[in-house]
Amino acid sequence: MSTRTSTTRRIVTHTGALSRVDAETVARAPRYRLDVHSPSRRCSVLRAKGDLDMTARAEFASTLGDLAHSGDHVVVDLSEVTFMYSEVASMLADAVHIRPGRFHVVAPTRQVRMLLDILAPGLDVTADAAPCDAGTASAA
């Protein structure tokens, strides 16, 4: 018996504390969020928000690596990413080689799309924000 349940496996948030900190601390505070959501047993969605800069690089790499080796169809939603460091874009390109045909990047902002077009021209990028249903159907 197979039931579809929606689960969130991991949430990572780095917003920096804004109470009782000086301006220098606020300026250096990382501002990103990584949410991993599994809407079905065969699909995982990584939603990234904010600035995927150098401070996000290690956590993004770890999360992306875990998902790439999970056996799931992997969707990376970049619709709320305001900035992307070039190494993060390269990690996405590398992940495609680990999981060909089962790894998709969706809804990047204009700035992020331009970076991906330059650094990862073969990356499967779509404007559709919800390819999980299509991906799970093809994986079945």
Side-chain angles (χ1 to χ4, degrees):
M1 183 173 147
S2 175
T3 59
R4 283 188 153 179
T5 58
S6 179
T7 60
T8 300
R9 289 192 291 196
R10 181 176 178 185
I11 297 176
V12 179
T13 305
H14 295 278
T15 56
L18 295 179
S19 62
R20 295 187 185 189
V21 294
D22 58 18
E24 183 179 327
T25 302
V26 172
R28 289 182 299 167
R31 306 222 184 266
Y32 67 92
R33 179 177 173 133
L34 304 175
D35 296 326
V36 176
H37 180 70
S38 296
S40 72
R41 289 180 27 183
R42 294 188 180 184
C43 184
S44 291
V45 178
L46 169 58
R47 286 192 179 93
K49 299 176 184 181
D51 295 344
L52 296 181
D53 57 11
M54 288 175 51
T55 61
R57 180 177 43 115
E59 191 63 43
F60 187 82
S62 174
T63 303
L64 193 63
D66 290 347
L67 290 173
H69 291 95
S70 69
D72 291 349
H73 176 78
V74 179
V75 176
V76 180
D77 181 349
L78 301 176
S79 61
E80 295 184 55
V81 173
T82 53
F83 172 82
M84 182 178 282
Y85 179 53
S86 60
E87 269 190 54
V88 173
S90 295
M91 287 178 215
L92 288 170
D94 292 342
V96 169
H97 297 295
I98 295 170
R99 301 295 312 276
R102 298 191 67 195
F103 188 93
H104 300 279
V105 175
V106 298
T109 58
R110 182 177 180 269
Q111 296 88 341
V112 171
R113 178 63 190 247
M114 290 170 52
L115 179 65
L116 293 174
D117 286 346
I118 293 167
L119 295 177
L123 192 63
D124 180 14
V125 179
T126 180
D128 183 11
C132 229
D133 295 330
T136 56
S138 65

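Closest non-hydrogen pair, Thr109 versus Ser79, comes out as CG2-O, 3.6 Å. Scanning all heavy atoms of the two residues, the minimum distance from Val88 to Arg57 falls at CG2-CA, 4.3 Å. Here the shortest heavy-atom pairing between Val112 and Met84 reads CG1-CE, 3.8 Å.
Using a cut-off of 4.0 Å between Lys/Arg side-chain N and Asp/Glu carboxylate O, Arg47 and Asp35 are scored as not salt-bridged.
Summarising the geometry, atom OH belonging to Tyr85 is positioned 9.5 Å from atom CG belonging to Asp53; distances are rounded to the nearest 0.5 Å. Here the CG-OG distance, from Leu115 to Ser90, works out to 8.0 Å after rounding to the nearest 0.5 Å. Taking CG of Leu119 as the reference point, atom CE of Met91 lies at 12.0 Å (rounded to 0.5 Å).
Inter-residue side-chain proximity for Leu78 and Leu116 is flagged as met; some heavy-atom pair is nearer than 4.5 Å. Residues Val81 and Tyr32 have side chains not in contact (no heavy-atom distance under 4.5 Å, counting atoms from C-beta outward). With contacts defined as side-chain heavy-atom distances shorter than 4.5 Å, the pair Leu46/Val74 does not qualify. A 4.5 Å side-chain heavy-atom check between Leu92 and Phe103 finds at least one atom pair inside the cut-off. Under the 4.5 Å side-chain criterion, counting only non-hydrogen atoms from C-beta, Glu80 is not in contact with Arg33.
Hydrophobic clustering of Ile, Leu, Val, Met, Phe, Trp and Tyr side chains at less than 4.5 Å, counting indirect connections, unites Met54 with Leu34.
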